Amino acid sequence: MIRAVKGTRDLLPPDTAVWNRVEKTAREVFRAYNYHEIRTPILEEEQLFVRGVGTETDIVSKEMYAFDDHGTRLVLRPENTASVIRAYIEHRLDQKPGIQKLYYIGPMFRRERPQKGRYRQFFQIGAEAIGSDSPFTDAEVIELVAEILSRAGLSGFHMLINSVGCKECRPVFVAKLKEALQPVAPQLCTDCQRRTETNPLRVLDCKVPEDQPLIDALPSILDSLCGICAPHFAAVQTYLQDRGIPYEIKPRLVRGLDYYMRTTFEAVHGNLGAQNSVLGGGRYDGLAESLGSKVHSPGIGFSIGEDRLVMTVDAGEPEVLDLFVATMGNAALRHAGSLAKELRRDGLSVEVSTDAKLKRAMELANKLGTRYVAILGEDEIAAGEYSLKNMLTGEQERVKREDLLQRIGKKN
RNA sequence: GCGGCUGUAGCUCAGCUGGUAGUAGCGCCAGAUUGUGGUUCUGGAUGUCGCGGGUUCAAACCCCGCCAGCCGCCCCA
């Protein structure tokens, strides 16, 4: 048997209804915030991510699906921000008026070990606001994503924010951190001892309880922010407070992608297991330049892990069938075909039974969970009526064609 | 990439210290006379016990490898 490849999966009904609901909600919120959809290719040149995301990141160094295409190295996109910025530069969107506010929904690919909430093909709902370095934009983006989460039905998430500084102040902080780590490193967990050398910032993200007191005593990046980053971060918070957006400052919040600077944020939820992050985002003021833009194009964006969001959100109401037409005989079947076409144009969901045995048709109607069954036999055809049965109450009545739509009504 | 656990009918699972699987539950199919579902009753189908080797007279049960899933690490969405 041929199965879906490792780390990928089929999304089947009724789950797909939840996905559609989440996406519909997101599109509505994006529209309210004046975002417009962008669709970029799933295939990109490898160099886009090498230069955009950074060779040092796990994503680029070991997780990309890459292959040679007649001499060009192509990859399945592992994330979408670099693609959006590429498109922004390629199509000179900087020439358009105002901030470019773009959103996307689609699959990303990373060759990781799959587990709960982590797949090799996973879906992201994301957005980028390009062309503004104002902290007001940061606050609006955070507000937007929080709005999507709550309107999608996710409750109990925590929005964590931080500033990781810029080219000027981050190196200073890293040096300071390394210095502070030297004497205490031997007392930390083995992972942290390694991180002290490879990536000191990650030590701050350690979850080992025993390490916490020592980590708490380490310097905070917030104390090292420069004269530009510090007031920027303060302003973001002011704007968030103005809007009543709950947030939590987490100075240890470190994002993995190289392009992030200043504001970074993440939302976590308790029901996701080890992969407790439903979304991540941040500011990336230097990304456009590193991708070859001659114009300074500061931006900020986020991406929601749709798989994780769907997993956490309430399933909600299933999609229901409005009407099932049970027919007896070929004349009735032909008649039912025309009727179904008309009612479907009126917006009802309609199924027609081809089984001439009424009992079997009724059994099927019941299993499909239809709201109404219209019975069409010789009697009804002769009378020019339908026997309409309400499957919930069991009541049945004769109804004329012109009254059918009103009698059934619409559910969803 | 590393570690742990798991893998039996469509689904959830049982299967004692190895003797070639279960009346299991749910689901599915067919019946309980003529144009009516949901409850009930009766009958039925379905598995190369994840795959491939090995040990044994004999393996779903033991050993090895592979694959997949889950959990954790790493990392991230």
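None of the values given here were measured: they were computed from a predicted structure. No hydrogens, no waters, no symmetry mates; every other heavy atom, side chains included, goes into these values. Here is the naming used below: chain letters follow the sequence lines, and residue numbers restart at 1 for every chain.
Salt-bridge formation is detected for the pair A:R118/A:E112: a Lys NZ or Arg NE/NH1/NH2 atom is positioned less than 4.0 Å from an Asp or Glu carboxylate oxygen. Electrostatic pairing of A:E363 and A:K359 counts as a salt bridge here, judged by a charged N lying under 4.0 Å from a carboxylate O. Taking a cutoff of 4.0 Å between a charged side-chain nitrogen and a carboxylate oxygen, A:D285 and A:R283 qualify as a salt bridge. Here A:R401 pairs with A:E342 in a salt bridge; the nearest charged N to carboxylate O distance falls below 4.0 Å. Ion pairing between A:E306 and A:R308 fails under the 4.0 Å rule for side-chain N and carboxylate O. With salt bridges taken as basic N to acidic carboxylate O contacts below 4.0 Å, none links A:R262 and A:D133.
Around the CZ atom of A:R73, the shell of radius 6.0 Å holds more than 12 heavy atoms that belong to other residues, nucleotides or ligands. The environment of CZ in A:R243 is crowded: more than 12 heavy-atom neighbours from other residues, nucleotides or ligands sit within 6.0 Å. The 12-atom threshold is not exceeded at CD of A:E168, counting heavy atoms of other residues, nucleotides or ligands nearer than 6.0 Å.
One N or O on the side chain of A:E79 and one on the backbone of A:A82 form a donor-acceptor pair closer than 3.5 Å.
Contacts of A:Y119 with the nucleic acid, taken as non-hydrogen atoms under 4.0 Å apart, include base atoms. Counting any heavy atom pair closer than 4.0 Å across all strands shown, A:G7 reaches sugar-phosphate atoms only and no base atom. Among the atoms of the strands shown, base atoms are found under 4.0 Å from some heavy atom of A:G117.
Listed nucleotides B:A30, B:G69, B:A77 differ in distance to A:R360; the shortest reach to its side chain belongs to B:A30.
Side chains of A:E143 and A:Y33: a donor on one and an acceptor on the other come within 3.5 Å. Under the 3.5 Å distance criterion, with hydrogens and angles disregarded, no donor-acceptor pair is assigned to the side chains of A:D94 and A:S297. In this structure, a donor-acceptor pair under 3.5 Å is absent between the side chains of A:N80 and A:S303. Judged purely by distance below 3.5 Å, without hydrogens or angles, the side chains of A:H232 and A:D138 pair a donor atom with an acceptor atom. Defined by atom type and a distance below 3.5 Å, a donor-acceptor pair is missing between the side-chain atoms of A:Y103 and A:E128. A:T8 and A:Q121 share no side-chain donor-acceptor pair at under 3.5 Å.
Taking atom C1' on both nucleotides, B:U42 is separated from B:G35 by 24 Å, rounded to a whole Å. The same atom, C1', is picked in B:G52 and in B:C16; the two are 29 Å apart, to the nearest Å. Distance noted for atom C1' between B:U23 and B:G43: 13 Å (whole Å). Only the P atoms considered, B:U46 is 25 Å distant from B:G7, to the nearest whole Å. Of the C1' atoms belonging to B:G25 and B:A9, the separation is 13 Å, rounded to the nearest Å. Across B:C49 and B:C2, the matching C1' atoms stand 30 Å from one another, rounded to whole Å. On the C1' atoms, B:A21 is 9 Å away from B:G47, given to the nearest whole Å. Taking atom C1' in both B:U20 and B:A30, the straight-line distance is 32 Å, to the nearest Å.
Distance, A:R308 CZ to B:C75 P: 14 Å, rounded to whole Å. Atom CE of A:M311 is separated from atom C1' of B:C70 by 13 Å (rounded to the nearest Å). The separation between A:F49 atom CZ and B:C76 atom C1' is 15 Å, rounded to whole Å. Put simply, CE on A:M108 is 11 Å from P on B:A77, counting in whole angstrom units. In this structure, A:R3 places its CZ atom 9 Å from P of B:A68, rounding to the nearest Å. Following rounding to the nearest Å, A:E79 (CD) and B:C75 (P) show an atom-to-atom distance of 18 Å. What separates CG of A:L201 from P of B:C76 is a distance of 11 Å, to the nearest Å. Atom CD1 in A:I59 sits about 16 Å away from atom P in B:C74, given to the nearest Å.
The nearest heavy atom of RNA chain B to A:K62 and to A:Q124 marks one nucleotide each, and the one closer to the 5' end goes with A:K62.
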Which parts of nucleotides 1-9 of chain B does protein reach within less than 4.0 Å, heavy atoms only, written one letter per nucleotide 5' to 3' as B for base, S for sugar-phosphate only and - for none?
-> BBBB-----
Base, backbone or nothing for each nucleotide of nucleotides 45-52 of chain B, written B, S, -, heavy atoms under 4.0 angstrom, 5' to 3'?
-> --------
Expected string for nucleotides 32-37 of chain B under the B/S/- scheme (protein heavy atoms, under 4.0 Å, primed atoms plus P, OP1, OP2 as sugar-phosphate) is ---BBB
Result block: side-chain N/O donor-acceptor pairs under 3.5 angstrom for residues 391-398 of chain A, not counting sequence neighbours:
| residue | atom | partner | partner atom | Å |
| --- | --- | --- | --- | --- |
| A:T393 | OG1 | A:E395 | N | 3.2 |
| A:E397 | OE1 | A:R407 | NH1 | 3.0 |
| A:E397 | OE2 | A:R407 | NH1 | 2.7 |
| A:R398 | NE | A:S387 | OG | 3.3 |
| A:R398 | NH1 | A:E385 | OE1 | 3.3 |

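The aromatic rings of A:F30 and A:Y35 sit tilted relative to each other, their planes meeting at an angle between 30° and 60°.
The shortest distance between the side-chain N/O atoms of A:Q115 and the OP1/OP2 oxygens of B:G69 is not below 4.0 Å.
Within residues 10-28 of chain A, no residue has a heavy atom under 4.0 Å from RNA chain B.
Stem regions for RNA chain B, each three or more consecutive Watson-Crick or G-U pairs with both distances under 3.5 Å and listed by first number, read B:1-7 with B:67-73, B:10-12 with B:24-26, B:28-32 with B:40-44, B:50-54 with B:62-66.
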